[in-house]
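Read through the structure below, which is laid out as structure tokens, and then see the notes.
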Number of protein chains: 2
Amino acid sequence: MSEKTTHNHIVEAADQLFYRQGYEHTSFSNIADAVKISRGNFYHHFKSKDEILDAVIHVRLANTRKMLDQWEIEGKTPEDRILSFIHILIGNRAKIKRYGCPVGTLCSELAKLNHGSQAEANKLFTLFRTWLCRQFILLGRKTDADELAMHLLARSQGVATLANAFHDEKFIKQEVKLMCDWLRSSTESTAQAEHSSNPSL
Amino acid sequence: MSEKTTHNHIVEAADQLFYRQGYEHTSFSNIADAVKISRGNFYHHFKSKDEILDAVIHVRLANTRKMLDQWEIEGKTPEDRILSFIHILIGNRAKIKRYGCPVGTLCSELAKLNHGSQAEANKLFTLFRTWLCRQFILLGRKTDADELAMHLLARSQGVATLANAFHDEKFIKQEVKLMCDWLRSSTESTAQAEHSSNPSL
DNA sequence: ACTTGATTAGGACGGTCATCCTACTCTTGC
DNA sequence: GCAAGAGTAGGATGACCGTCCTAATCAAGT
């Protein structure tokens, strides 16, 4: 994995804390305690809390890119790869139940704070969006690929939000099944459905 | 409407600020400035910030109940009423684009803060859930009514989250159309679909 | 051994926060 | 007219925040 530098330790600890407690609610003391480092010592590694946030976002972006690239290699078909995306919800269901989606909750919080790193955080969404978009294009849905990508992204977000609110893992599995069915019925007729009255397919 | 008491002014101002800035990021000074009242004077009306939050939640619950009751009167069919629910997204699209869903973002924030009023805030979700559930039962879907209610709730949440992140109102309209189509195809065959392999209908 | 630069610890600073306190100003009933 | 209580103002308090500063420690090259 990554080197065992203090720098990385800080970013990893901050990453976890930002996810579990939120960015604003996580203080320097919290991170310091987690890394077991003096509070004032941070400023040799980061100029400000915002800079830590940026580092966290970029690590998340890099990890996500790595994951998507891996799927691009492993997944035989675009459909397989999209299924891998959907199954993130299953793999992370315990954490999602407790803390929600790491991407969605961070973007929502930064939007409320009107924080300068909103655009950077939103790149996490864009990353998934363009990747999904590409998979749908490969499935022959070039005209509505982005709509389908956004649709899937939105459904994942909704599932995470409600699973978190209701502390319900079963609901995640239930909705994942629906999403898989939706995808399957989407690929049954490989032909374009451009002029269909029901673009949900 | 409600009386013009200072108490109500505080709750209304807090309601707006909690929605726009988040609960934690809203200070007593912010609310004081909005109501044009001295900071220290709050404690004649509320014992603590948490108490203001509880008041805000209960006002939102009351308003939501009123809205749903109204739809119960106006909407000729259960389908009409569910359409009214879906069209909240259209009516509030400008605010959703800027601040997300008032219910979802509040519940997410309180979950991160591990706040004592989480259960109260979640009642807002439960309110919609049980109401939608009842409508689906009236549509003859008594076996999977709750699943359908949760499904619709989740999709609304996802739409709000992404519309906020991407600052995209068009996406809201696009997804609302899909949700309406989904509902329509759901009611076309009024018969039960209990043993269908695709419960999304 | 000694210097040099990176790393660390821990306290100081100014600001903001929720909360509390006290004094002042209304209103209202007698 | 006055007493009493509700409502108001604004400052004090202590805690915590992000940030900064300084001195101590460590590592490495000479």
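Chain A is the first sequence line, chain B the second, and so forth, proteins listed ahead of strands; every chain is numbered from 1. Just the heavy atoms: all of them, side chains too, but no hydrogens, waters or symmetry mates, feed the values below. Predicted model, so just to flag it, every value in this text is computed and none were measured.
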Position toward the 5' end of DNA chain D (nearest nucleotide), Asn30(A) or Lys47(A)
Asn30(A)

Chain A footprint on DNA chain C, 5' to 3' - any atom under 4.0 Å from a heavy atom:
dT7(C) to dA12(C)

Is Glu72(B) salt-bridged to Arg134(B), going by a charged N under 4.0 Å from an acidic O?
yes

Whichever of His25(A) and His44(A) has the more 5' nearest nucleotide on DNA chain D, that residue is His25(A)

Aromatic ring pairing Phe136(A)/Trp182(A), orientation class (parallel under 30°, perpendicular over 60°, tilted between)
perpendicular

Can you sort out the partners of Pro78(A) under side-chain contact (heavy atoms from CB on, under 4.5 Å), two or more places apart, ordered by chain and number?
Arg81(A), Gln135(A), Leu138(A), Leu139(A)

Going 5' to 3' along DNA chain D, which nucleotides are the first and last within contact of chain A (any atom under 4.0 Å from a heavy atom)?
dC17(D) to dC21(D)

Find out whether the Lys NZ or Arg CZ of Arg60(B) is both under 6.0 angstrom from the six-membered ring centre of Phe18(B) and within 45° of the ring's axis.
no

Please list all pairs meeting salt bridge (charged side-chain N to carboxylate O under 4.0 Å, His left out) that have one or both residues in residues 22-49 of chain A, counting only residues at least two apart or in different chains.
Lys47(A)-Glu51(A)

Would you mind reading off the bend of the helix from dA1(C)-dT30(D) to dC30(C)-dG1(D) from its two end axes, five pairs each, to 10 degrees?
10°

So, do Tyr43(B) and Phe28(B) have ring centers that fall under 6.0 Å from each other?
yes

Do NZ/NE/NH1/NH2 and the carboxylate oxygens of Asp69(A) and Arg65(A) come within less than 4.0 Å?
no

Listed partners of Arg98(B) passing side-chain contact (heavy atoms from CB on, under 4.5 Å), at least two apart:
none

Would you mind checking if Glu120(B) and Lys123(B) are paired as a salt bridge, meaning a charged N to carboxylate O distance below 4.0 Å?
yes

Could Asp168(A) and Lys97(A) be called an ion pair, given the rule that one side-chain N must be under 4.0 Å from one carboxylate O?
no

